Engineer: 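One structure is given below, represented as structure tokens, and several questions about it will come after.
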There are 2 protein chains.
Amino acid sequence: MGVRKVRAAETRAALQEAAREQFVQRGFLNTKITDITAAAGRATGSFYDHFTDKDELLKELLTDMHAQARERITAGDHPREHDLTDRAHLHSHLGAAWHVMRANLPVVVALYEQAMADGPRSGRLWQRLVEDTAMFRDHLEYLREQGHRLPGDPVLVAAAMGGMLSTLAYAIMGSGATGLPDDEIVDTLTSLLLHGLAGPAAK
Amino acid sequence: MGVRKVRAAETRAALQEAAREQFVQRGFLNTKITDITAAAGRATGSFYDHFTDKDELLKELLTDMHAQARERITAGDHPREHDLTDRAHLHSHLGAAWHVMRANLPVVVALYEQAMADGPRSGRLWQRLVEDTAMFRDHLEYLREQGHRLPGDPVLVAAAMGGMLSTLAYAIMGSGATGLPDDEIVDTLTSLLLHGLAGPAAK
DNA sequence: GTCTATAGTAAGATAGAC
DNA sequence: GTCTATCTTACTATAGAC
């Protein structure tokens, strides 16, 4: 590879990395192109040699995250029959989701803000929620087929779980607001989603 | 009251009402001052005779909502001892929250977007979440004092519930995305938060 | 108080030298 | 490919006539 090409790749990577920082620092919508280039130590114009706009940059970050998520999923091998009413299984799912979100907080933040940017009327946030919780939904539908009585429509239940997770990720990660370690947060969410406020029947 | 004053009050109200529409239509951040004045059928400049900026207008809408919420709360009379592990009580709480959010969707939308606008680092969304779920938290802390074993830290559990509710409100209301009636949504959330995915012990 | 017209500002995006 | 300099656009906010 030529020297020029290497330089270009470096700049590209520097811009992406700077964007990650800035998205967490300022939020996605609030991050200006100049914030990114400044943080990367490049000139404003250089941005446009690599990306057409902020959305395109985000799309590439998203691809990375998807690859990462897929890897983690297939590593553990996820058949549809995973039983979400089993504490170990549920805990592992929530833990994985939390882990991937933390590793890709800038992307989570950006997607969330982007989905909200068009307003509630657009239905874009709902679409995101449904897409991102497809796995939960599959597991829930399987349970239902097995005769298990769910709290309600699997799509809604899955979306509710996803909404809880992503909002908390946004609110907690990066600000360390709660002071609680990740383990404890995942434990709490597992308990809440498994047996609810009432707790397991046996006291 | 003089004619001039009446006219002014009318314009003021028209601007607020137009803002409500626009916030739901376009989202809060995306709504420009000119969108509001245009929707209200007034000139751009008139906006500034009544509000210094968008945030101030929102603050007034918020006051209305608080009054409304307070009224609904004191109407039902909410002592700290309300037992959230009792289905009827939990259902009534969630239903009330859902109802107030629907009646004030523009405000919910705006506050949510506003809280996210500063980015995750600011901790503003977490702050909102904690503030808005104070009531849940109180009830949960009471339960804990009574020896009931909660899923985890009451602050976190309450915030998780609030995050789930507000995200779903944003995603569902106004787009009617799910096709489900409000009753069914509240029922589902009640079941999920009361006994979790596993459901009540007795099958 | 409300309007029209416009000044001011911030950010996205491009042109052209190196 | 990267830079500096600049054009363009969209919006906020104000000035001044009515």
Side-chain angles (χ1 to χ4, degrees), chain A residues 1-61 106 109-110 113-114 116-119 122, chain B residues 1-23 25-61 109-110 113-114 116-119 122:
Chain A
M1 210 195 271
V3 177
R4 274 176 90 85
K5 251 191 165 175
V6 171
R7 277 271 170 81
E10 275 174 8
T11 295
R12 197 185 170 75
L15 288 171
Q16 287 189 332
E17 188 46 39
R20 293 184 108 100
E21 289 166 21
Q22 295 294 309
F23 290 170
V24 175
Q25 202 85 260
R26 306 174 192 268
F28 174 73
L29 297 174
N30 230 346
T31 296
K32 312 306 172 194
I33 304 291
T34 51
D35 293 329
I36 298 174
T37 51
R42 313 289 156 133
T44 311
S46 292
F47 182 90
Y48 297 95
D49 290 322
H50 296 275
F51 313 97
T52 68
D53 55 17
K54 222 175 22 168
D55 285 6
E56 201 199 81
L57 189 156
L58 173 60
K59 222 164 124 188
E60 298 206 14
L61 295 182
V109 162
E113 290 188 27
Q114 210 182 30
M116 294 185 72
D118 294 340
S122 71
Chain B
M1 209 193 275
V3 177
R4 276 177 88 84
K5 250 190 165 174
V6 172
R7 279 268 169 84
E10 275 173 9
T11 295
R12 196 187 171 76
L15 288 171
Q16 288 189 330
E17 189 44 40
R20 293 184 108 99
E21 288 166 22
Q22 296 294 308
F23 291 170
Q25 203 85 262
R26 306 173 191 267
F28 174 73
L29 297 174
N30 231 345
T31 297
K32 312 305 171 194
I33 304 292
T34 51
D35 294 328
I36 298 173
T37 51
R42 314 290 157 132
T44 310
S46 292
F47 182 91
Y48 298 95
D49 289 321
H50 296 275
F51 313 97
T52 67
D53 56 19
K54 221 174 26 169
D55 286 5
E56 201 198 81
L57 189 155
L58 173 60
K59 223 163 122 187
E60 298 206 13
L61 295 182
V109 163
E113 290 188 26
Q114 210 182 31
M116 294 184 73
D118 294 339
S122 71

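Keep in mind that this is a model prediction, so the values were computed, not measured. A note on names: the letters A, B, ... follow the listed sequences, proteins ahead of strands, and every chain is numbered from 1.
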Engineer: Without swapping roles, check the side chain of A:Asp53 against the backbone of A:Glu56 for a donor-acceptor pair under 3.5 Å.
Structural biologist: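 Yes.
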Engineer: I want to verify a distance call: between D:dA13, D:dT2, C:dT2, whose nearest atom is closest to the B:His50 side chain?
Structural biologist: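 The listed nucleotide nearest to B:His50's side chain is C:dT2.
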Engineer: If I take atom CG in residue B:Asp53 and atom P in nucleotide D:dT14, what distance separates them, rounded to the nearest angstrom?
Structural biologist: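 Nearest whole value for this atom pair: 10 Å.
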Engineer: When you compare the side chain of B:Met116 with that of A:Leu29, does any pair of heavy atoms fall below 4.5 Å?
Structural biologist: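 Answer no - side chains too far apart.
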Engineer: So which nucleotide from D:dA13, C:dC3, D:dC3 ends up closest to the side chain of A:Arg42?
Structural biologist: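 Shortest atom-to-atom distance from the side chain points to D:dC3.
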Engineer: What are the residues of residues 16-34 of chain A, sorted by number, that bring a heavy atom to within less than 4.0 Å of DNA chain D?
Structural biologist: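 Those residues whose heavy atoms fall under 4.0 Å from DNA chain D, taken from residues 16-34 of chain A, amount to none.
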Engineer: Base, sugar-phosphate alone, or nothing: which one does A:Ala8 contact when heavy atoms must sit under 4.0 Å apart?
Structural biologist: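 Sugar-phosphate only.
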Engineer: Would you find a donor on one side and an acceptor on the other, under 3.5 Å apart, between the side chain of B:Lys54 and the backbone of B:Phe28?
Structural biologist: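 Checking the backbone N and O of B:Phe28 against the side chain of B:Lys54, a donor-acceptor pair under 3.5 Å is found.
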Engineer: Checking the side chain of B:Asn30 only, and the main-chain atoms of A:Ala117 only, is there a donor and an acceptor separated by less than 3.5 Å?
Structural biologist: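 Yes: the side chain of B:Asn30 pairs with the backbone of A:Ala117.
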Engineer: Determine whether B:Phe51 and B:Lys59 make a side-chain contact, defined as any pair of heavy atoms from C-beta on separated by less than 4.5 Å.
Structural biologist: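 Of all side-chain heavy-atom pairs linking B:Lys59 with B:Phe51, none is under 4.5 Å.
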Engineer: Roughly how many Å is it from OH in B:Tyr48 to C1' in C:dT4, rounded to a whole number?
Structural biologist: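 My rounded result for the distance is 15 Å.
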Engineer: Write down the distance between CZ (B:Phe47) and P (D:dT12), rounded to a whole number of angstrom.
Structural biologist: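 Between P of D:dT12 and CZ of B:Phe47: 9 Å.
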Engineer: Checking A:Asp55 against A:Gln114: is there a side-chain donor and acceptor pair closer than 3.5 Å?
Structural biologist: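 Yes.
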Engineer: Report the nucleotide, chosen from D:dT2, C:dC3, D:dA13, that has the shortest atom-to-atom distance to any side-chain atom of B:Thr44.
Structural biologist: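 Within the option list, the nearest is D:dA13.
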Engineer: How many whole angstroms separate atom CD of A:Glu10 from atom P of D:dT2?
Structural biologist: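 Rounded to whole Å, this separation is 9 Å.
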Engineer: Grab the CG-P distance between B:Leu15 and C:dC3 for me, whole Å please.
Structural biologist: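 Value for this atom pair: 9 Å.
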Engineer: Without decimals, in angstroms, what is the distance between A:Ile36 CD1 and C:dA11 C1'?
Structural biologist: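 Distance check: A:Ile36 CD1 to C:dA11 C1' gives 13 Å.
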Engineer: Can you tell me how far P of C:dA11 sits from CG of A:Asp35, to the nearest Å?
Structural biologist: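 Spelled out: CG on A:Asp35 to P on C:dA11 is 8 Å.
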